[in-house]
Asks: 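Dropping the structure in here first, questions after.
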Amino acid sequence: MTHFSYRNGELYAEDVPLSRIAEAAGTPVYVYSTAALTDAYTQFAGAMSDAGLNARVCYALKANSNIAVIRTLADLGAGADVVSGGELERALAAGVAAEDIVFSGVGKTEAEMRQSISAGIGQFNIESVPELELLSKVARSMNAEVDIAIRVNPDVDAITHRKITTGKQENKFGLDITRAPELYAKARDLGGLRPVSVAVHIGSQLTSVTPFEAAFARVAELVRDLRSTGYDIRKIDLGGGLGIDYGDGAPPPVSAYAQAVARTVGDFDCEVIFEPGRYIAGPAGILVTRVIYAKEAEVRRFAIVDAAMNDLIRPAMYDAVHRTEPVRERSRDAEIVDWDIVGPVCETGDTFASGCRLPHLEAGELLVMRDAGAYGAVMSSVYNSRALVAEVLVNGDDFAIVRERQEPATFLGYETFAGWQK
Ligand code: LLP
């Protein structure tokens with residue numbers, strides 16, 4: 001169920017009219033719904049326990065790492081999947097228990113390893129032989145022993161956008177699954193490492209269960225193999241990737257995904273770790289923007305809005321479409337025309353949607369782009385010396401600005417002239 005719906009002629013986030021938020025926080029602004037985050041988390045975790053799995057949901061911070069969002073999920077029992085020292089700091093600051101944190105990513109630095117070992121995180125997912133060797137060295141130097149998974153690359157096509165496919169042999173991620181037994185032996189011999197887990201993640205925004213099932217079946221084969229040769233494999237980390245409906249077709253329900261997991265790895269008596277990002281945060285957020293100009297050109301009609309590609313880069317980067325709607329509700333018989341929704345940045349790629357079917361729009365009115373809670377604010381930048389976008393969290397009839405808009409002057413303050421220019 002959506003927590004963004006029309007009431008009294010305008011769009012609300014839970015029980016708060018978006019016009020009120022826009023007035024308080026300015027635009028563009030991301031607005032997140034606590035109820036939507038809670039529902040998504042509860043549905044995900046519930047589907048796993050219904051399927052009989054001993055699941056641990058480690059929310060992938062990369063999707064939305066605002067500390068108020070993480071706190072909302074941590075309060076529900078979520079762990080965290082982090083990919084940098086910065087994300088680790090956020091997870092801890094938001095109250096995620098260290099032992100419920102998994103560190104993924106292909107380029108962990110020595111400093112990040114030390115930081116994570118000191119914090120006492122639950123698991124490292126290893127993606128290369130040199131990384132395995134370095135983690136062993138760092139752990140031994142700290143007299144520590146850490147749980148690790150080898151992230152295997154199962155060579156399965158996730159059938160998603162090429163820029164977010166990660167489980168094919170030609171992708172930079174993971175280690176070839178056929179080499180895994182050799183790597184577990186190496187991990188055991190190096191010292192400082194406890195090879196107790198297997199990890200996989202094949203891509204993001206998957207809209208079919210089939211590739212997941214193929215990948216998980218290969219992981220199951222490996223777990224069987226490793227156990228039969230004496231490894232104490234207690235955890236299986238299946239990554240994230242479950243898609244959401246951006247309005248272009250329904251992905252499988254989370255129950256179907258859970259059943260695929262149960263069919264493949266359900267019988268090992270392992271803790272099954274999940275790293276969902278988009279599924280949890282995507283539908284829980286919208287981007288609110290104001291129309292600056294309605295420009296009727298020769299062949300197109302443009303709504304020039306105050307959000308731009310620096311605030312939401314997904315359309316420019318992945319040809320993503322975020323359903324756009326006016327905040328002020330129109331009557332059913334209002335005329336519908338074609339609009340191109342564009343931002344003020346000086347690039348043609350700064351286009352949110354072309355030929356968007358909407359009623360007549362006016363300068364000054366508010367629009368929303370839906371399903372922008374994941375990979376929205378986290379990927380924002382200050383390109384064109386624009387402000388860094390603000391974020392608001394709604395809870396019932398209450399809301400709070402959980403990231404202030406950062407004005408260009410703030411960033412200017414970090415720059416300086418070179419000595420010879422002063
Ligand atoms: N675990 C690992 C190891 C990952 O690499 C990712 C996403 C996730 C979990 C979470 O995947 P999710 O459940 O959100 O699909 N910026 C892109 C998406 C990049 C995904 C990167 N990895 C976008 O806007 O579509």
Side-chain angles (χ1 to χ4, degrees), residues 30 37 40-41 43-44 48 56-65 69 73 78-84 87 91 101-108 123-128 131 149-154 158-168 171-175 197-209 211-212 215 219 236-246 248 251-252 254 257 261 272-285 287 309 311-322 352 369 371-381:
Y30 279 95
L37 288 166
Y41 180 85
Q43 274 159 18
F44 193 96
M48 300 312 148
R56 157 130 331 266
V57 182
C58 291
Y59 166 64
L61 254 61
K62 61 175 80 66
N64 184 325
S65 56
V69 169
L73 298 168
D81 160 42
V82 304
V83 293
S84 68
E87 284 193 349
I101 299 177
V102 172
F103 201 132
S104 307
V106 294
K108 298 172 203 77
Q123 175 173 309
F124 288 87
N125 291 352
I126 298 298
E127 304 220 18
S128 68
E131 185 192 10
I150 301 286
R151 173 170 173 187
V152 295
N153 184 324
I159 319 175
T160 182
H161 193 281
R162 69 181 172 80
K163 289 186 187 166
I164 49 177
T165 291
T166 55
K168 289 286 291 168
N171 300 135
K172 68 180 177 184
F173 298 97
L175 285 153
S197 183
V198 177
V200 73
H201 170 82
I202 58 171
S204 194
Q205 183 54 18
L206 271 73
T207 52
S208 156
V209 164
F212 281 125
V219 167
I236 302 176
D237 180 341
L238 298 179
L242 185 59
I244 60 170
D245 181 9
Y246 284 102
D248 53 0
V254 65
Y257 171 77
V261 174
V272 186
I273 299 171
F274 295 92
E275 303 170 355
R278 191 188 314 263
Y279 182 87
I280 305 286
L287 177 61
M309 62 191 292
D311 304 303
L312 175 63
I313 203 168
R314 303 195 67 260
M317 194 141 168
Y318 314 107
D319 304 309
V321 176
H322 289 264
F352 290 112
M369 295 177 200
D371 305 306
Y375 307 110
V378 282
M379 296 180 80
S380 61
S381 75

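Only this structure's heavy atoms are used, side chains among them; waters, hydrogens and symmetry mates stay out. Ligands are counted one by one from 1 in listed order, and the atoms in each one are counted from 1 as well.
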Asks: State, without any angle test, whether Asn125 and Glu127 hold a side-chain donor-acceptor pair at a distance under 3.5 Å.
Replies: no
Asks: Using only heavy-atom distances, determine whether the side chains of Ser104 and Asp81 contain a donor-acceptor pair under 3.5 Å.
Replies: yes
Asks: Quick one, Pro276 and Leu242 - any side-chain contact, counting heavy atoms below 4.5 Å?
Replies: no
Asks: Can you tell me how far apart CD1 (Ile244) and CD (Gln205) are? Round to the nearest 0.5 Å.
Replies: 6.0 Å
Asks: Under a 4.0 Å heavy-atom cut-off, which residues neighbour ligand 1?
Replies: Ala60, Lys62, Asp81, Arg151, Ile164, His201, Ser204, Gln205, Gly240, Gly241, Glu275, Pro276, Gly277, Arg278, Arg314, Tyr318, Tyr375, Met379
Asks: Keeping the roles fixed (side chain from Tyr375, backbone from Ile313), state whether a donor-acceptor pair exists under 3.5 Å.
Replies: no
Asks: For Ser208, enumerate each residue passing the side chain to side chain donor-acceptor pair (under 3.5 Å) test, keeping only those at least two apart in sequence or located in another chain.
Replies: Thr210
